Amino acid sequence: MMPSILDTTLREGEQALGVTFSLEEKKQIIDGLAAVGINEMEIGIASPLVDCNAGLLLHCRRFHPQLVCSLWSRCKSSDIRYAATLAPDILSLSLPVSDILMREKLGKNRTETEACLVSAMTLAHELGMTVAVGLEDAFRAESAFLHHIARLAGRLGAVRLRFADTVGTASPGEVAALVSSICSIGGNCAVAIHTHNDFGMASANAIAALESGAGSADVTLLGLGERCGCARLEEVAGYLRIKKNVPFNLEPLPRLCRYVAVISGRPIAANQPVLGKDIFTCETGLHLYALQKNPATYEPYPPETVGATRRLLLSHKAGRKAIKAYCETFGCTLSDSIDDATMKSIREFLLKENLSRNDIADWLAEMIKD
């Protein structure tokens, strides 16, 4: 089965410090995600305090009927009953499964937490909803209890189990091991992963989960989310498109990310993967020469894939081969026997500011003539 991603920018992403999206901004984000090819979005939290859920669901069903729209919900009867009035495609019930969260957040022990899951899933099904279960803080949970709860949720009819690395301390190896162990249980439940970036591994952990048998991974645009954020949609979607041939359309992604960067106040770094304005710019001598011969030598994918352009810049780092190759673009072929002093003069001239292509071509023609 081809791996997929679930975008939770409108739920987890909006939990980032200082980030709030208006209804119209959320609609634009949904439109952009649909253009990229995202087929499931978690559009918000099932709570009457959130007043835009109905409008977002209506927008999706009118303009993007192919989208699967899910809502995140606590295992509280009032939230579940509210969600039922909106009729999302999937209701994702969240349940803490580590002892510290069960005790400190819910004030419950393991037996009480298990009973809470049974009650919540029973009610959701009675109200006619398709139910997924998110296991919060799964990577700090006791293994036997985690597997027990996973089996129970499957028996109760969960269509998906989402394992959350809530505090971002798992490594790709740990993620792969857990996903593999859960997948070995069998059953009809899909396996998903929700990763956090506290040690810079959220995207890597998402990929590790998918490569270990998970059916989907959560992502957010720009990695927005609590604390250090989550797996970046642009990184995970980009990797899946380039390496796994998952048919995402990456060309509109930078434009969408720039929009979200503005409205969230999160600037995009010049060297940010997939999005940065300088990631296809090179001034290193040996690389320049190779890129001029064949861009695949030092580029993981063509810049056009993400709507970018290649820039090859001469600098003080440029060597003889790079300078010769650059001069050839002006119809000037330099001899292999050219001495170091002349090569230095050429480099210094080419590095002058405000030179037009005609200036360079004329000067090189005169230099060769002489």
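The model shown is predicted, which means the values in this text are computed figures rather than measured ones.
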query = Which of these passes side-chain contact (heavy atoms from CB on, under 4.5 Å) with Leu233: Ile38, Leu6, Thr9?
reply = Ile38
key: Flag for Ser94-Arg74: side-chain donor and acceptor within less than 3.5 Å   = no
query = Under 3.5 Å, side chain of Glu126 to main-chain N/O of Leu123, donor-acceptor pair present?
reply = no
request  = Keeping the roles fixed (side chain from Ser4, backbone from Gly215), state whether a donor-acceptor pair exists under 3.5 Å.
outcome  = yes
inquiry  = Quick check for you: to the nearest 0.5 Å, what is the distance between Arg151 atom CZ and Cys189 atom SG?
reply    = 12.5 Å
request  = Applying ring-ring contact (aromatic ring centres under 6.0 Å, His included), run through Tyr301 and Tyr239 and close with a yes or a no.
outcome  = CA-CA 10 Å; Tyr301 53 89; Tyr239 183 87; over 10 Å; no
task = Nearest 0.5 Å please: distance from the NZ atom of Lys27 over to the NE2 atom of His64.
result = 10.5 Å
query = Would you call Glu234 and Arg241 a salt bridge, taking side-chain N to carboxylate O under 4.0 Å as the test?
reply = no
key: Modelled atom types, side-chain donor and acceptor of Asp339 and Thr342, under 3.5 Å   = yes
Polar side chain donor-acceptor pair, His148 to Glu114, under 3.5 angstrom = yes
ask   = If you round to the nearest 0.5 Å, how far is CG of Leu10 from CG of Leu56?
value = 6.5 Å
key: NZ or CZ of Arg110 within 45° of Phe145 ring axis and under 6.0 Å   = yes
request  = Mind checking the CG-CD spacing from Asn197 to Glu226? Nearest 0.5 Å is all I need.
outcome  = 13.5 Å
query = Do the side-chain N and O atoms of Thr166 and His196 include a donor-acceptor pair separated by under 3.5 angstrom?
reply = no
message = Closer than 3.5 angstrom, by distance alone: can the side chain of Glu348 be matched with the main-chain N or O of Ser345 as a donor-acceptor pair?
response = no
inquiry  = Students often mix this up, so state it plainly: with edges at 30° and 60°, are the rings of Trp363 and Phe349 parallel, tilted or perpendicular?
reply    = parallel
message = Strictly distance-based, threshold 3.5 Å: is any side-chain N or O of Asn39 a donor or acceptor partner for the main-chain N or O of Gln66?
response = no
inquiry  = Any carboxylate oxygen within less than 4.0 angstrom of a Lys/Arg side-chain nitrogen, looking at Asp278 and Arg311?
reply    = yes
ask   = So how far is it from Ile149 CD1 to Leu95 CG, rounded to the nearest 0.5 Å?
value = 6.0 Å
inquiry  = Check whether Ser119 reaches the backbone of Cys116 with its side chain - one donor and one acceptor, N or O, closer than 3.5 Å.
reply    = no
ask   = From Asp218 CG over to Ile5 CD1, what is the distance, rounded to the nearest 0.5 angstrom?
value = 10.0 Å
inquiry  = Using only atom types and a distance under 3.5 Å, with no angle test, would you say the side chain of Thr113 pairs donor to acceptor with the backbone of Asn109?
reply    = yes
task = For the pair Asp137 (side chain) and Ser98 (backbone), establish whether a donor and an acceptor sit closer than 3.5 Å, ignoring hydrogens and angles.
result = no
ask   = Distance-only, no hydrogens or angles: does the Glu14 side chain make a donor-acceptor pair with backbone N or O of Arg11 under 3.5 Å?
value = no
query = Is the backbone N or O of Val191 less than 3.5 Å from a side-chain atom of Arg160, with the two atoms forming a donor-acceptor pair by type?
reply = no
query = Side chain of Asp79, backbone of Ser73: donor and acceptor closer than 3.5 Å?
reply = no
